[in-house]
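Heavy atoms only: backbone and side chains are in, while hydrogens, waters and symmetry mates are out. Start at 1 and go down the list; that is how both ligands and their atoms are numbered.
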Amino acid sequence: MSTRFRSVKGTRDLLPPETAVWNAVEACARRVFESYGYGEVRTPLLEDTGLFERGVGESSDIVGKEMYSFEDRKGRRVSLRPESTAAVGRAFIQHNLQELPPPVRLFYIGPHFRYERPQKGRYRQFHQIGAELLGDPGPHSDAEVILMLVEFLRQLEFRDLAVLVNTVGDEESRASFRAALVAYLEPHRERLGEDSRRRLETNPLRILDTKDPAERELLEAAPTLADHLSPASREHFDQVLAILERFEVPFEVAPRLVRGLDYYTKTVFEIVSKGLGSHDAVVGAGRYDGLIAELGGPPVEGIGFAIGQDRLIDVLPESFLAAVAGEPPVMLIPIGEEARVEGLAMAEALRAEGVAVVAELSGRSMRAALKQANRRGVRYVALVGEEEIASGELTLRDLESGEQETLSAAQAARRLKEQR
Ligand code: ATP
Ligand code: MG
């Protein structure tokens with residue numbers, strides 16, 4: 001017996017009608033982001049492994065244990081992209097985009113890869129919709145990026161949105177906080193898990209990101225970054241909050257919100273909504289002022305977000321889904337042998353009038369064809385038999401009411417438009 005192949009663990013096929021939802025979400029993202037002056041960037045799925053080691057950080061989970069890395073036939077170390085901010089930064093530097101009038105606004109949509117334990121909402125190939133604003137250090141760009149993200153989610157018909165926002169400060173603030181955090185955690189070392197104990201040395205701030213309940217409890221009383229902010233970071237954060245207030249964006253300051261990637265500075269945020277649920281993050285976002293320089297580029301600041309498209313689609317509001325579903329196509333049913341070709345011609349004529357048509361091709365009986373139409377959820381069928389061929393018309397039947405009428409393709413198109 002021959003082997004039956006299945007999709008690789010942690011990857012999945014997206015099929016119709018679900019792909020229509022994916023397309024609608026992507027079209028919405030393109031429309032909204034373009035209205036803010038963003039252009040699409042498409043970077044390769046494959047990058048130099050060193051890019052992520054440098055950009056995302058060796059101590060991050062992503063680089064430490066989640067990357068799909070391998071050597072190509074010439075021994076080059078390459079990885080499937082686990083995220084895109086480092087890749088967009090690499091492209092920015094490679095193409096000297098700092099020579100464009102700043103800021104440069106880019107968005108991306110596409111698959112990403114992380115070797116994780118697959119479960120609901122967690123895949124090895126997953127999809128992100130993200131945007132990056134490069135070349136402006138000010139709080140106004142933070143606010144604009146948040147406004148754009150909120151607008152996108154509103155157009156997907158999410159209600160009761162709230163932005164959770166925090167600041168992780170600049171280098172100076174982080175150094176001072178890091179020392180205080182280590183001093184607090186050091187005496188409780190034995191209450192930390194293995195990962196966090198290691199992070200105490202490599203990257204203590206990442207301990208704040210823990211999902212372990214015992215560690216979370218310990219962190220309740222830990223010092224907060226807010227107490228260690230440099231005056232410049234505090235001022236930046238206050239300005240972001242003031243702008244959000246001015247635009248009546250519902251937000252909450254979340255003092256323990258940190259992001260798992262090393263490159264974040266100052267503003268970090270997430271979005272919550274009743275629909276979005278709370279245990280799994282749907283959006284990761286923040287400012288990364290040091291990243292471009294870290295990658296060997298000019299000192300250009302950046303801010304951006306990445307939405308987990310798979311998770312976003314899992315929680316889309318019903319109202320958005322209903323609008324996407326739309327009407328099923330008209331089914332064209334030929335009656336008799338001659339009508340099999342003439343029926344195709346009529347289907348073409350209807351399409352030329354803007355009507356979506358599926359043609360019955362098998363030559364099955366009208367009764368069997370009508371049964372198929374029912375299974376497909378079709379409401380209108382177009383019948384073409386001897387008489388219709390002679391007059392160049394079709395008989396449009398409404399399967400719900402049973403009413404029918406013989407019409408030209410153009411008349412049928414108009415009738416369908418009136419009734420829908
Ligand atoms: P998590 O804490 O759930 O692992 P993360 O902090 O690793 O998320 P980011 O690197 O910030 O995630 O990526 C941004 C978004 O991409 C996440 O909020 C999530 O919606 C989505 N995402 C990340 N990893 C996966 C995955 N393996 N499967 C599906 N979506 C994912
Ligand atoms: Mg993760």
Asker: Distance to the ring centre below 6.0 angstrom and angle to the axis at most 45 degrees; does that hold for R124 and Y115?
Answerer: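 The answer is yes, since R124 meets both limits relative to Y115.
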Asker: Describe, in one word, how the ring planes of H228 and F177 are oriented to each other, choosing from parallel (under 30°), tilted (30 to 60°) and perpendicular (over 60°).
Answerer: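 Aromatic pair H228/F177 classed tilted.
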Asker: Heavy-atom contacts with A306 under 4.0 Å: which atoms of ligand 1 show up? List them by number with element.
Answerer: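 Within the 4.0 Å cut-off of A306, ligand 1 contributes 14 (C), 15 (C).
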Asker: Looking only at distances, please establish whether an N/O atom of ligand 1 is found under 3.5 Å from an N/O atom of Q128.
Answerer: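 Such a contact does occur with ligand 1.
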Asker: Taking CD in E248 as the centre, count heavy atoms belonging to other residues, nucleotides or ligands within less than 6.0 Å. Is the count above 12?
Answerer: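 12 or below, so no.
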Asker: Against heavy atoms of V283, which atoms of ligand 1 measure under 4.0 Å?
Answerer: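 Per the distance check, 18 (O).
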Asker: What atoms in ligand 1 come closer than 4.0 Å to a heavy atom of E116?
Answerer: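 Every atom of ligand 1 under 4.0 Å from some heavy atom of E116: 24 (N), 25 (C), 26 (C), 27 (N).
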Asker: Provide the number and element of each atom of ligand 1 under 4.0 Å from a heavy atom of V282.
Answerer: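 Those qualifying, in numeric order: 18 (O), 20 (O).
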Asker: Please could you name the atoms of ligand 1 that K211 approaches to less than 4.0 Å, counting only its heavy atoms?
Answerer: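 Listed by number with element: 1 (P), 2 (O).
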Asker: Applying a heavy-atom cut-off of 4.0 Å, say which part of R122 lies close to ligand 1: side chain, backbone, both or neither.
Answerer: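 For R122, the contact with ligand 1 is made by both the backbone and the side chain.
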Asker: Quick check on contacts: which atoms of ligand 1 are under 4.0 angstrom from a heavy atom of A281?
Answerer: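 Going through ligand 1 atom by atom, the ones under 4.0 Å from A281 are 17 (C), 18 (O), 19 (C), 20 (O).
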Asker: Is there a side-chain contact between H112 and H127, using heavy atoms and a 4.5 Å cut-off?
Answerer: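 With C-beta onward as the side chain, the pair stays apart.
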